[in-house]
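Worksheet: one structure, shown below.
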Amino acid sequence: MTTALRIDALSAWHGAFRALSDVSLTLEAGRVLALVGANGAGKSTLLGLLTGRVPGWTGKVEVNGTALPPGDPRAASALGLALVPEGRLLFDSLSVEENLLIGGGGGRPGPWDVASVYRLFQILREKRHQRPSTMSGGQQQMLAIGRALMSNPSILLCDEISLGLSPPVVAEVYAALAEVRGQGTAMVIVDQDIARVCATADEVACLFKGRISHRGPARGTTPQSIREAYFGVAA
Amino acid sequence: MIAGLIETLFQGITLGGLYGMIGVGLALNFGILRVVNLAQGELITIGAFLAVGLVALAPGLSFAAVLVGAFAGCALIGAAMQAAAIERAMAFRDPMVPMLVTFGLAVILRNLLVETMGADLRGLDVGGLGQARIDIAGLSLGVLPLVTLAIALAAFGGLAALIYRTAFGRQVRALSDRPDIAALMGVRVRRVHTLVAALSAGLAAIAGVLLAMRASVSPFSGVAHLLVAFEVVVLGGLGSIRGALGAGMLLGLTQVVSSRFDGNAGLLYVHLVFFAVLVFRAMTGRLS
């Protein structure tokens with residue numbers, strides 16, 4: 001099995017604040033990692049630096065064996081990282097279809113194009129000429145996932161994937177992610193809904209004050225066991 | 001009476017197309033780059049002088065070639081200013097910084113113009129075109145205003161097609177919405193910035209050529225152009241292409257109609273209409 005993502009001795013700063021300390025992680029190709037932790041634990045910082053939006057970090061990050069340069073979003077995209085950002089951050093001056101097209105601008109080859117994203121999320125085909133802001137939150141999240149897939153990533157990074165979505169929509173989103181995974185795409189999913197994300201993931205990593213406080217198989221992980229990991233209480 | 005009215009409206013629309021052209025480069029630059037380009041007036045003047053210079057150097061040149069030459073010359077200047085100075089200033093969070101840089105560039109450009117061209121008024125000699133008239137459906141319309149209007153509308157149409165129908169335009173709009181996410185999608189941010197600045201400057205050149213065909217320009221005309229451009233952009237909506245055309249039309253019609261009643265008014269009523277619209281928007285809470 002090849003390693004999709006290797007993070008070694010990674011520390012990151014926001015100004016003087018040390019957001020991540022000595023984080024090491026590996027993710028094998030096609031595997032799904034649940035990244036959990038409280039607000040401010042460093043989850044978004046980790047996804048931000050992987051996508052070139054947080055430039056201030058030291059350590060080593062390799063994507064499919066190639067070193068990731070800091071602060072270069074285009075390089076991150078070219079290496080095969082794609083982000084479904086927290087809050088979705090769609091382009092509202094563009095139609096739904098244009099949002100997908102711009103996502104595919106990097107030109108990486110792979111299974112995902114406009115047609116296959118429409119097969120995954122059929123509602124997007126119906127709304128392809130609309131502005132993203134005219135759609136429901138769930139549909140916007142599907143568009144954000146579709147836009148990220150268009151770059152044919154080897155690792156899909158999903159930040160707060162179920163935030164603000166109703167339970168049936170969350171189920172739909174996770175069902176789609178399962179299909180994406182079937183294409184061999186590795187994933188890092190950040191979600192407050194620990195039970196839900198751990199039901200989908202292979203492994204779980206828990207961040208606590210910028211450090212990895214717990215790492216293990218996702219199966220059997222419950223909010224209770226995570227809480228114990230947070231506070232260092234033995235089960 | 002009716003014919004006179006229609007001709008007045010025609011003149012207003014023609015002038016409006018020109019005003020729209022004067023404003024649209026500023027609107028584009030602000031809408032996409034979030035930079036208020038205070039050198040836009042100078043770029044308009046440079047466009048006019050480039051055309052005058054091209055005609056003087058090569059009298060046999062076709063009008064289309066002069067227009068393309070002025071566009072290309074100004075676009076190069078705009079791209080160079082963006083790449084060499086404005087892009088760096090944009091790294092500061094304070095929008096005042098790039099604006100001040102463009103103010104400095106405007107002063108430099110203005111003085112370079114005076115140094116090289118002198119302070120004289122120049123115009124583009126259009127030969128008999130200025131007086132030529134053509135009869136359409138019983139109306140006698142000036143050929144020069146028709147040409148002006150046609151070029152302005154074609155420029156607006158071409159710009160709208162570029163921004164709303166092409167892959168480049170998609171990148172431009174995405175970058176305007178969310179620069180950091182657009183970069184993550186593989187958009188080359190600096191390259192698009194430079195191209196947009198070039199496009200804005202090229203549009204300024206077209207406005208300059210159209211101005212030079214109907215009136216004279218001096219190296220000091222830039223500030224007056226910038227004032228009109230600001231009114232067009234503020235009325236039309238920041239960054240709106242269609243809005244720039246509509247606002248230009250409103251201001252052009254205002255000027256032509258008001259000059260019928262008060263020949264010495266100049267731009268007075270134009271500024272008053274601008275002011276009235278702002279007051280109306282403030283009262284209805286739609287100022288921003």
Side-chain angles (χ1 to χ4, degrees), chain A residues 44 47-55 68-69 71-108 112 114 129 131-133 143-144 146-153 155-157 159, chain B residues 24 27-35 83 87-88 90-94 159-196 199-200 233 236-245 288:
Chain A
S44 289
L47 297 194
L49 72 84
L50 286 176
T51 50
R53 295 184 304 154
V54 175
L68 178 80
D72 188 345
R74 273 175 38 81
S77 166
L79 285 177
L81 291 161
L83 176 70
V84 180
E86 179 182 356
R88 308 184 262 276
L89 307 184
L90 299 164
F91 302 114
D92 207 47
S93 300
L94 275 61
S95 68
V96 166
E97 186 153 304
E98 286 180 317
N99 267 276
L100 294 178
L101 288 170
I102 203 125
R108 275 172 64 91
W112 296 105
V114 173
H129 298 305
R131 297 287 153 127
S133 59
L143 177 56
R147 181 181 66 175
L149 289 175
M150 285 291 292
S151 68
N152 282 301
I155 308 167
L156 183 67
L157 310 167
D159 201 358
Chain B
V24 71
L28 185 68
N29 216 68
F30 184 81
I32 311 299
L33 305 181
R34 311 276 167 214
V35 173
E87 187 74 39
R88 292 168 207 216
M90 285 166 69
F92 292 87
R93 290 196 171 196
D94 186 350
L159 178 64
L162 180 67
I163 298 294
Y164 294 106
R165 296 267 177 273
T166 68
F168 170 71
R170 203 157 60 218
Q171 294 193 352
V172 167
R173 282 178 289 142
L175 192 62
S176 162
D177 277 359
R178 302 186 182 281
D180 50 341
I181 301 294
L184 196 54
M185 308 278 145
V187 174
R188 294 167 192 270
V189 176
R190 277 163 176 261
R191 185 163 156 262
V192 174
H193 280 176
T194 306
L195 288 172
V196 168
L199 187 59
S200 296
V233 172
L238 303 168
S240 166
I241 296 169
R242 202 183 306 166
L245 184 59
S288 57

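Letters A, B, ... are given to chains in the order of the sequence lines, protein chains preceding strands, and every chain is numbered from 1.
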Looking at [atom1] of [X] and [atom2] of [Y], how far apart are the two atoms once the value is rounded to the nearest 0.5 Å?
X	Y	atom1	atom2	value
B:Asp177	A:Ile102	CG	CD1	9.5 Å
A:Leu101	B:Gln171	CG	CD	11.0 Å
B:Ser176	A:Asp92	OG	CG	11.5 Å

- prompt: Is it the side chain or the backbone of A:Thr51 that comes within 4.5 Å of chain B heavy atoms, both, or neither?
  reply: both

query: Are any side-chain N or O atoms of B:Arg178 and backbone N or O atoms of A:Leu90, one a donor and one an acceptor, separated by less than 3.5 Å?
result: yes

task: For B:Arg173 and A:Ser93, indicate whether the former's side chain and the latter's backbone hold a donor-acceptor pair under 3.5 Å.
output: yes

- line: By residue number, those in residues 77-85 of chain A with heavy atoms under 4.5 Å from heavy atoms of chain B are A:Ser77, A:Leu83, A:Pro85

- request: Pick one of side chain, backbone, both or neither for B:Ala167, based on which atoms fall under 4.5 Å of a heavy atom in chain A.
  value: neither

task: Using non-hydrogen atoms and a 4.5 Å limit, figure out which bit of B:Val187 sits close to chain A: side chain, backbone, both or neither.
output: both

message: Apply side-chain contact (heavy atoms from CB on, under 4.5 Å) to residues A:Phe91 and B:Arg170 and explain how you reach the verdict.
response: CA-CA 10 Å; A:Phe91 302 114; B:Arg170 203 157 60 218; over 6 Å; no

- prompt: Is it the case that more than 12 heavy atoms not belonging to B:Phe168 sit under 6.0 Å from its CZ atom?
  reply: yes

field: 4.5 Å side-chain heavy-atom contact, A:Arg53 and B:Ile181
entry: yes

